[in-house]
Every structure is written in C-alpha cells, then in structure tokens.
K.L.:
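Sharing a structure, written as structure tokens. Questions coming.
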Amino acid sequence: MSEHAILSLSFILLAGIVCQWLAWRVKYPAIIFLLAAGIMAGPVMDWLEPDELFGDLLFPFVSLAVAVILFEGSLTLKLQNIPGLERVIRNLITIGALISWMGTALATRFLLDFSWNVSFLFGALMVVTGPTVITPLLRTVRPKENVAHILQWEGILIDPLGAILAVLVFEFILAGGVEGGFAAGLFVFGKMVLIGVLFGAVSGYCFAFLLKKYWIPQYLQNFAALALVCTVFAVSNLFEAESGLLSVTVLGIWLANTKGLELEDILDFKESLSILLISMLFIILAARMDLSAFHDLGWPAVAVFGVIQFVIRPVSVHLCALGSKLTMKERHLLSWIAPRGIVAAAISALFAIKLETAGYPFAAAMVPLTFMVIIGTVLLQSMTAGPLARFLNVAEPEPNGFLIVGANRLAQIIALELQKNGIRTFLTDQNWSSVTEARLKGLSAYWGNPVSEHAERNINLIGIGHLLAVSPQIELNALAAHYYRLEFAPEHIFTIRNSEPTAGKAEAKTEFKYGGRTVFGDSLNYQDLSRMLEQGAEMKTTLLTEEFSFEDYLAQTDEERVPLFAIDAGNQVQVFTAEADFQPKAGWKIMSLAEVVPIEA
C-alpha cells in the first residue's frame with residue numbers, strides 16, 4: 001500500500017473523530033461536518049479519491065458497513081417500547097412508503113423531465129431514511145418517547161424494505177417493463193422477503209441459544225456477533241441479491257426481544273463501531289461527488305427537494321397517524337424529520353453505473369440528485385428539528401437531573417433542595433419505609449433494586465443525566481455506578497464514600513472498578529454527613545454576586561459549610577468532588593450542608 005493510501009485512510013479516521021467531537025461541542029448532528037469534510041477533501045481539494053483508494057472493494061465495504069449499522073440499530077428495537085404505536089409504524093413503512101415512492105416519482109418526472117423508469121427508481125431510493133442519519137439526529141434533538149420510538153423503528157425497518165423496493169424497480173426496468181417484469185418482480189420480492197426473514201430468524205435463534213448456553217466466552221461475543229452479521233448478510237445476498245439488509249435487521253430484532261439475553265456489551269461495542277463506520281461512510285461518499293453535476297440539475301432539482309420535504313412527508317405522516325394516540329404537535333415533528341442517508345447514496349451510485357451501461361438516459365443525474373436530497377434534508381432538519389421540537393413542546397427536557405440511589409434522610413434533603421432549584425430528581429431504595437417517607441414529601445421514588453430488570457422498565461430517566469449513589473451500602477453504590485455507566489457519561493456518575501479514607505494498598509484493594517467519582521471530596525463520607533444532619537445541619541442555597549464571591553462564601557465562619565453542588569447561570573449542576581475543575585462565579589448558586597457554629601460568649 002502506497003504512502004498516499006495510508007495517509008488517506010488516516011485522514012478519514014482523523015477527520016471522522018474531529019467531526020464527531022465538533023458536533024458534540026456545538027450540539028449539531030455530526031453528519032453536517034462529515035459531509036463538509038468529505039466535500040472539502042474530495043471535489044474541492046481533489047485530495048481524497050475513494051474509487052482509487054478502495055478500487056473494487058468500495059461498494060462491498062459500504063454494503064458491509066451499512067449491514068453492521070442496521071444490525072446495531074435493530075438491537076435497540078424492543079417491542080415493549082411501542083405499545084399503541086404499532087399501527088403508525090406499520091403504516092409508515094407500507095402506506096407511507098408507497099406515498100413517498102409515488103409522490104417523488106411524479107415530482108421527478110414532471111419537474112426534471114426524467115424518464116418514467118429512472119423517476120420511479122429515484123422515488124424508490126427516496127423511501128429510505130435509515131439509522132445512519134436518524135440515530136445521530138435523535139441524539140441531538142431528543143424528542144419525546146413516542147416520536148423517538150416511531151422514528152427509530154421507521155428508520156431501521158425502512159432501510160431494508162426501501163432497498164428491496166429499489167432492487168425490484170431496477171429489475172423491473174431491466175426486464176423490459178410491464179410485459180416482462182411484473183410477474184418476475186413479484187417472484188423476486190417473495191424470495192427476498194422469505195430469505196431475509198428466514199436467515200435472520202434462524203441465525204438469531206441459534207446465536208441466542210449459544211449465548212444462553214454460555215458456549216461463547218464473553219471476550220469473544222463481540223467478535224462472534226460481528227462475524228455473524230457479516231456472514232448472514234453475505235450468504236443471504238448470495239441466495240438473493242439485496243436480501244441481506246433484511247436478514248441482519250431481523251437478526252437484531254430477534255436478539256433484542258429474546259428474554260434472558262445480556263446484550264449490553266455487544267450493543268456497546270456495536271455502537272462504537274457504528275460511529276466509526278458512519279463517520280467513514282459519509283466522508284468517503286461525499287468525496288465522490290461531482291459538484292458541477294449539482295449545477296447542471298438547476299432549480300428544478302431544488303423544487304423536487306421542496307416537494308419531498310414540504311408536501312410528501314407531511315401528507316404521508318398525517319395519513320399514517322390517523323386514529324393514533326399521537327398528538328397533533330407530535331405529528332408535526334414527525335412530518336418534519338425524514339433525512340435520507342447512506343443506503344440511498346450507495347444504491348443510487350451502484351444502479352446509476354449499471355443503468356448507464358444499459359443505455360438509460362438521465363441515469364447519471366440520479367446520483368447528484370440523490371446527494372442533493374441527502375444534503376438538503378440533513379442540513380435543514382439538523383439545524384431546525386431541535387428548535388422546532390422545543391417550540392412544539394415535544395422535546396425532552398435537558399438531562400440535568402439526578403437519579404439518586406438511596407432514599408435515606410441524606411438523599412431526601414439533597415433531592416428536596418435540588419428540586420427547589422428546578423433540578424429533577426428520582427430516588428430509588430429497597431427500604432419501603434424510606435421510599436414512603438420520600439413520596440410523602442413530594443419526591444419521586446422507586447421501591448426496589450435499582451439495577452433490576454423491573455427498574456429498567458419502570459424508572460423514568462427523562463430529564464435525568466446524573467447518577468448520585470448515597471446509599472449506606474458501599475456495594476450497592478458501586479454496583480449502581482457500574483450498571484448505569486452505559487446510561488450516563490462517566491463524569492456524571494458519583495458515589496459517596498462509606499468509610500474513612502486509608503492510605504497505601506488497602507485503599508487500592510477496596511476500590512471498585514467503574515465505581516464512579518467520589519462525591520463531596522475525599523475527606524467526607526456518608527457517616528460524616530449523616531452525623532451533621534443529626535446535629536441539626538440543614539441544606540441551604542446561596543447566590544453568589546459580584547460583591548459576595550465564592551471565596552467570601554468559604555471565609556464566613558458563622559456556620560460550618562460543606563459545599564455539595566454548584567448551579568451555574570445556565571442552570572447546569574456541577575458536583576463538588578476532590579478533583580472539581582470548575583470555579584463558581586457571580587450568578588452561580590451554591591448548595592451546601594450548613595451546620596450553625598455556636599457563638600462563644
């Protein structure tokens with residue numbers, strides 16, 4: 001491999017992580033920055049040439065990557081999450097897909113004067129949304145559960161179905177139209193669905209059986225899952241072209257809904273792998289674009305995009321949602337979000353080459369038109385979906401709240417003070433009397449084991465982004481921190497010390513892995529704070545001003561204060577720890593446990 005090829009691959013990886021990090025910082029979907037990076041490196045600077053870099057392996061790599069991404073997305077599709085929404089999802093991937101297909105085909109035919117064959121093929125491609133764009137968008141927009149579940153299910157299920165539809169139209173075109181293609185198309189469709197469902201279900205059942213019998217060691221499970229996905233995809237396609245996407249989708253849904261399977265490690269691995277693959281795919285495919293082709297399409301192409309975004313999608317959603325429990329505001333947001341992604345880009349490029357070879361006009365223009373719709377929907381919806389969701393009041397609140405493990409007196413006074421300052425809290429404890437007492441004080445509390453399957457189904461984490469374990473049981477605190485490490489960021493998981501700190505090896509030998517950050521400093525423990533409460537200490541919130549700084553606050557001697565939390569001007573909570581890296585300023589509020597110091601006569 002030449003030095004330039006190695007440098008190109010390294011650039012793709014580096015650009016991918018930079019774009020993902022930048023998106024995280026500015027709270028926009030990473031796809032915007034990934035497309036920009038690919039366009040700059042490819043058609044603008046002419047530095048990255050994917051066809052030359054990958055050669056004949058380009059489309060096989062894209063296909064396998066899409067299969068892995070689809071599998072990772074389908075692992076999150078649990079049937080228990082969609083009670084009452086089944087009909088909407090079914091309508092969107094059937095009636096909605098038909099409306100999108102026909103509407104887009106007609107718009108393409110009459111606005112761009114494409115042939116009927118190419119118009120219907122392009123319409124089939126535009127049916128697909130897909131998890132490559134939906135998942136990052138949902139992570140940023142954070143719509144309410146109903147909208148999120150529908151978009152997630154639609155995006156993952158419509159990928160293989162849309163790909164199958166596109167293949168059917170393609171085969172129909174090559175077969176010579178109605179005379180030779182209708183019966184053949186029905187036969188191909190039946191084979192695709194049969195092989196896709198059969199391969200996916202059988203492989204899902206066998207893999208679940210192996211996992212339940214512990215015949216695959218834990219350290220090989222991620223590797224085995226990846227190998228299985230690629231093999232099922234390839235073998236399914238061998239029996240019937242393009243049936244592999246349906247196979248891996250059925251495989252993921254089967255595993256996700258099999259009881260007794262521990263899939264957290266596999267899901268975590270696949271999520272990380274999907275981020276890598278999505279980053280590479282968008283940069284690579286954006287680098288293949290020909291910018292002059294966009295200019296050649298002209299304003300009629302913009303009109304096609306407008307019809308897709310402002311007419312076809314709203315009509316489709318509102319018809320499919322008739323009679324459902326969705327509110328009108330939720331339907332409006334669903335009508336706005338339908339970005340196109342990798343599957344449309346990859347299949348359009350592949351079919352365009354084959355149709356050009358077969359002598360079909362306008363086939364080459366299908367690729368820039370597809371990318372124009374992809375870029376247009378991604379840019380427009382990425383920048384507007386979040387504000388629209390907040391305007392319609394169908395966005396989840398900022399994940400600024402606290403899941404508190406423990407409903408003891410210390411946990412209760414912390415939760416009450418946080419709530420007074422507008423921070424959501426949710427307590428959990430196995431002690432019924434503590435939970436009852438907390439509820440009587442107006443606190444939300446769950447009675448039971450916080451790391452149980454029942455807790456996973458019943459603890460509402462909407463608006464919660466931190467874990468605070470303040471139980472007197474050191475093992476429970478550590479277990480909760482470990483269990484919720486996939487739910488919350490590591491820097492937002494806090495546990496209280498339950499014993500006096502000790503120096504040397506004894507401290508290292510008793511420290512829990514993934515035990516969370518030690519809250520309120522190394523010198524304080526649960527017993528110290530409980531003792532202060534017994535002696536009359538109270539939770540207090542103090543506002544800092546230009547005249548009364550944090551240093552002035554600490555210097556006051558009329559009461560003994562233990563700062564616990566700081567709330568900044570944007571109502572974001574900072575927790576005091578031994579390694580706290582923030583400095584409270586004017587406008588911040590300090591929450592502390594204050595014990596009055598008696599004044600000597």
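Count residues from 1 along the sequence. Only a predicted model underlies this, so the values are computations on that prediction, with no experimental measurement involved.
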K.L.:
Kindly check if the number of other-residue, nucleotide or ligand heavy atoms within 6.0 Å of CZ (F391) is above 12?
P.N.:
no

K.L.:
Can you name the side-chain hydrogen bond (donor to acceptor under 3.5 Å, both in side chains) partners of Q152, sequence neighbours left out?
P.N.:
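With neighbours one apart ignored, the set is T76.
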
K.L.:
Can you tell me how far CG of L297 sits from CG of L111, rounded to the nearest 0.5 angstrom?
P.N.:
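Between L111 CG and L297 CG, I get 12.5 Å after rounding to 0.5 Å.
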
K.L.:
Mind checking what makes side-chain hydrogen bond (donor to acceptor under 3.5 Å, both in side chains) contact with S243, not counting sequence neighbours?
P.N.:
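Here the qualifying residues are S236.
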
K.L.:
Please confirm whether F199 and F239 have ring centers closer than 6.0 angstrom.
P.N.:
yes

K.L.:
Just do the side-chain contact (heavy atoms from CB on, under 4.5 Å) check on I69 and L281 with the steps written out, would you?
P.N.:
CA-CA 11 Å; I69 294 166; L281 287 177; 3.8 Å; yes

K.L.:
The criterion is ring pair (Phe, Tyr, Trp, His ring centres under 6.0 Å); which residues satisfy it with F207, sequence neighbours excluded?
P.N.:
none

K.L.:
Heavy atoms only: give me the nearest R288-P50 pair and the separation to one decimal.
P.N.:
CG-CG, 3.6 Å

K.L.:
Which pairs of donor and acceptor atoms, one on a side chain in residues 57-66, lie under 3.5 Å apart (sequence neighbours left out)?
P.N.:
{"residue": "S63", "atom": "OG", "partner": "F59", "partner atom": "O", "Å": "2.9"}

K.L.:
What I'd like to find out is whether the side chain of L53 reaches to under 4.5 Å of the side chain of L9, using heavy atoms alone.
P.N.:
yes

K.L.:
Sequence neighbours left out, what passes salt bridge (charged side-chain N to carboxylate O under 4.0 Å, His left out) with K191? Give chain and number order.
P.N.:
E240

K.L.:
Minimum heavy-atom separation for V68 and S274, please, with both atom names.
P.N.:
O-OG, 4.2 Å

K.L.:
If you compare all heavy atoms of R109 against all heavy atoms of S115, which two are closest, and at what distance to 0.1 Å?
P.N.:
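Heavy atoms of R109 and S115 come nearest at NH1-CA, 3.8 Å.
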
K.L.:
For a quick test of reading the model, state the closest non-hydrogen atom pair linking I93 to I158 and the distance between them.
P.N.:
CA-CD1, 3.8 Å

K.L.:
Report yes if the side chains of F71 and V232 come closer than 4.5 Å at any heavy-atom pair, otherwise no.
P.N.:
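A side-chain contact is absent here, since even the closest heavy-atom pair is not under 4.5 Å.
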
K.L.:
Looking at F122 versus W101, is the centre-to-centre ring distance below 6.0 Å?
P.N.:
no

K.L.:
Answer whether the closest heavy-atom distance between the side chains of L285 and F371 falls below 4.5 Å.
P.N.:
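In short, these two side chains touch, coming nearer than 4.5 Å.
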
K.L.:
Using side-chain heavy atoms (C-beta onward) and a distance below 4.5 Å, is I253 in contact with T249?
P.N.:
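In short, these two side chains touch, coming nearer than 4.5 Å.
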
K.L.:
Describe, in one word, how the ring planes of W21 and W24 are oriented to each other, choosing from parallel (under 30°), tilted (30 to 60°) and perpendicular (over 60°).
P.N.:
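Tilted, since the angle between the ring planes falls between 30° and 60°.
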
K.L.:
Does the S382 side chain pair with the main chain of L379, one donor and one acceptor, at a distance under 3.5 Å?
P.N.:
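Side chain of S382 to backbone of L379, a donor-acceptor pair under 3.5 Å: no, none is there.
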
K.L.:
With a 4.5 Å heavy-atom cut-off, do M192 and L246 have their side chains touching?
P.N.:
no

K.L.:
Considering only heavy atoms from C-beta outward, does the side chain of V141 approach that of L388 to under 4.5 Å?
P.N.:
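Not touching, per the 4.5 Å side-chain cut-off.
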
K.L.:
Check whether Q309 reaches the backbone of W336 with its side chain - one donor and one acceptor, N or O, closer than 3.5 Å.
P.N.:
yes

K.L.:
Roughly how far apart are I17 CD1 and I12 CD1, rounded to 0.5 Å?
P.N.:
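Reported value, rounded in 0.5 Å steps: 15.0 Å.
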
K.L.:
Does the side chain of I266 come within less than 4.5 Å of L75's, by heavy atoms?
P.N.:
yes

K.L.:
Taking it one step at a time, do T258 and K212 satisfy side-chain contact (heavy atoms from CB on, under 4.5 Å)?
P.N.:
CA-CA 10 Å; T258 300; K212 283 186 174 182; 3.8 Å; yes

K.L.:
Using 0.5 Å steps for rounding, measure from the CG atom of L35 to the CD1 atom of I283.
P.N.:
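Going from CG on L35 over to CD1 on I283, the span is 9.5 Å.
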
K.L.:
What residues, two or more places apart in sequence or in another chain, satisfy side-chain hydrogen bond (donor to acceptor under 3.5 Å, both in side chains) together with R313?
P.N.:
E154

K.L.:
Rounded to the nearest 0.5 Å, what separates atom CD in E86 from atom CG in N91?
P.N.:
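Those atoms lie 11.5 Å apart.
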
K.L.:
With a 4.5 Å heavy-atom cut-off, do L251 and L228 have their side chains touching?
P.N.:
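SC-SC contact between L251 and L228 confirmed.
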
K.L.:
Between F110 and W116, is the ring centroid distance below 6.0 Å?
P.N.:
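Distance test on ring centres: under 6.0 Å, yes.
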
K.L.:
Between atom CD1 of I312 and atom CE of M126, what is the distance when rounded to the nearest 0.5 Å?
P.N.:
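Taking CD1 in I312 and CE in M126, the distance rounds to 10.5 Å.
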
K.L.:
How close do L291 and I39 get, counting heavy atoms only, and between which atoms?
P.N.:
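L291 and I39 have their closest heavy atoms at CD2-CG2, 4.3 Å.
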
K.L.:
Look only at the side chain of Q381 and the backbone of A338, and say whether a donor-acceptor pair between them is shorter than 3.5 Å.
P.N.:
yes

K.L.:
Applying side-chain contact (heavy atoms from CB on, under 4.5 Å) between N146 and each of V88, L326, L333, V394, report the one that passes.
P.N.:
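Option passing the side-chain contact (heavy atoms from CB on, under 4.5 Å) with N146: L326.
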
K.L.:
Considering non-hydrogen atoms only, spot the tightest contact between G16 and S279 and give its length.
P.N.:
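Minimum heavy-atom contact is CA-CB, 3.9 Å.
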
K.L.:
So, taking the atom named CD1 in I134 and the one named CZ in R340, what distance separates them when rounded to the nearest 0.5 Å?
P.N.:
9.5 Å

K.L.:
Evaluate E330 against I150 for side-chain contact (heavy atoms from CB on, under 4.5 Å), listing each step before the verdict.
P.N.:
CA-CA 11 Å; E330 289 174 335; I150 289 174; over 6 Å; no

K.L.:
Could you go through L273 and L276, starting from their C-alpha distance and side-chain angles, then the distance that decides it, and tell me whether this counts as side-chain contact (heavy atoms from CB on, under 4.5 Å)?
P.N.:
CA-CA 5 Å; L273 187 60; L276 169 66; 4.3 Å; yes

